[in-house]
Amino acid sequence: MADQNEYEDQHNEAETASQPAPATVDAETLATALRERDEMKDRLLRTLAEMENLRRRTEREAADARTYAVTNFARDIVGSADNIRRALESVPAEAREHADGALKGLIEGIELTERDLAKTLERHGVKVVEPMGQRFDPNRHQAMFEVPDTQVPNGTVVQVVQTGYVIGERTLRPALVGVSKGGPKPEAAKDKPVDAA
């Protein structure tokens with residue numbers, strides 16, 4: 001019987017040893033674990049924000065690459081467009097009206113080529129800047145000279161020497177212009193709110 005009791009005691013001790021002891025967590029360990037959790041959460045949120053910013057930047061750069069990929073080529077081609085325009089302008093108006101045969105075919109062919117080139121440039125995002133009568137914009141125009149004119153507000157484009165072009169929102173080539181001077185001051189924008197004093 002003593003052996004039986006000894007056996008049961010050993011068996012109970014083995015069961016007790018195999019059962020996990022109740023977890024005792026002190027405040028310092030808990031605080032450390034919470035601090036680590038907060039740091040990991042902060043890292044995760046920062047990484048997610050960085051990835052979102054990277055995705056947006058990549059999308060913007062890809063869109064810019066698509067829009068502005070032809071910039072160097074377009075810059076070279078607009079010179080050809082200018083030469084075609086100069087060829088047409090070199091034919092006197094009277095000669096144009098009375099042209100027949102080969103001269104008429106040549107003029108029509110050059111005009112057709114000019115229109116086709118303009119359509120091709122526009123299809124690829126290159127547009128002509130039409131500054132005549134507009135306020136001088138240093139981002140789109142390059143002033144070559146001033147024209148004294150008391151009838152036109154100061155800083156208005158009154159003459160275009162060379163056509164300008166834009167691609168997307170960027171200036172491909174500024175328009176070379178003559179700007180008025182000596183006229184009345186340009187009107188301030190009417191949409192601007194007046195500051196209350």
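Count residues from 1 along the sequence.
- Thr156 OG1 to Gln134 CD: the interatomic distance, rounded to the nearest 0.5 Å, is 10.0 Å.
- Contact check for Leu172 versus Val126: side-chain heavy atoms found under the 4.5 Å cut-off.
- Panel note: side chain Arg96, backbone Leu88; a donor-acceptor pair is recorded below 3.5 Å.
- Val78 is connected to Val70 through a chain of hydrophobic side-chain contacts under 4.5 Å among Ile, Leu, Val, Met, Phe, Trp and Tyr, so both are in one cluster.
- Under the 4.5 Å side-chain contact rule for hydrophobic residues, Ile77 and Ile167 share a cluster.
- Of all heavy-atom pairs spanning Ala143 and Val179, the tightest one is CB-CG2, 3.9 Å.
- Across all their heavy atoms, Ser90 and Ala87 have their closest contact at OG-O, 2.7 Å.
- You'll find the side chain of Phe145 reaches within 4.5 Å of the side chain of Val161, heavy atoms only.
- In terms of hydrophobic clustering, with Ile, Leu, Val, Met, Phe, Trp and Tyr side chains grouped at heavy-atom distances under 4.5 Å, Val160 and Leu121 are assigned to different clusters.
- Nearest heavy-atom pair across Arg85 and Glu114 is NH2-OE1, 2.5 Å.
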Requested in this report: Go through the steps to decide whether Asp64 and Thr67 satisfy the test side chain to side chain donor-acceptor pair (under 3.5 Å), and finish with yes or no.
Outcome: CA-CA 5 Å; Asp64 283 352; Thr67 302; 5.4 Å; no
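- The structure places CG of Asp42 at 12.0 Å from CZ of Arg37, a figure rounded to the nearest 0.5 Å.
- Salt-bridge annotation for Arg56 and Glu52: present, with a side-chain N of the basic residue lying under 4.0 Å from a carboxylate O of the acidic one.
- Side chain of Ser180 to main chain of Asp149: no donor-acceptor pair is present (N/O by atom type, distance under 3.5 Å, no hydrogens or angles).
- The CZ atom of Arg115 sits 7.0 Å away from the NZ atom of Lys119 when rounded to the nearest 0.5 Å.
- Residue Val129 shares its hydrophobic cluster (ILVMFWY side chains chained together at separations under 4.5 Å) with Val166.
- Annotation: the span from His141 atom NE2 to Thr171 atom OG1 amounts to 8.5 Å, rounded to 0.5 Å.
- Of all heavy-atom pairs spanning Arg55 and Glu59, the tightest one is NH1-OE2, 2.6 Å.
- Contact check for Arg173 versus Asp82: side-chain heavy atoms found under the 4.5 Å cut-off.
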Requested in this report: Apply side-chain contact (heavy atoms from CB on, under 4.5 Å) to the pair Arg35 and Thr32, showing each step before the final yes or no.
Outcome: CA-CA 5 Å; Arg35 199 171 30 256; Thr32 302; 3.5 Å; yes
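- Across Val157 and Pro131, no two heavy atoms sit closer than the pair CB-O, 3.4 Å.
- At least one side-chain heavy atom of Leu103 sits under 4.5 Å from a side-chain heavy atom of Ile107.
- Between the side chain of Gln142 and the main chain of Pro138, no donor-acceptor pair closer than 3.5 Å is present.
- Checked by atom type, the side-chain pair Ser80/Asn83 shows no donor-acceptor distance below 3.5 Å.
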Report task. Check the pair Met40 / Leu44 against side-chain contact (heavy atoms from CB on, under 4.5 Å), numbers first and verdict last. Result -> CA-CA 6 Å; Met40 291 298 177; Leu44 174 67; over 6 Å; no
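- The CD atom of Glu111 sits 11.5 Å away from atom CD1 of Ile84, with the distance rounded to the nearest 0.5 Å.
- Expressed to the nearest 0.5 Å, how far OG1 of Thr163 lies from CE of Met132 amounts to 11.5 Å.
- Counting heavy atoms from C-beta outward, Arg170 and Tyr68 have side chains that approach closer than 4.5 Å.
- More than 12 heavy atoms of other shown residues, nucleotides or ligands fall within 6.0 angstrom of atom CD in Glu89.
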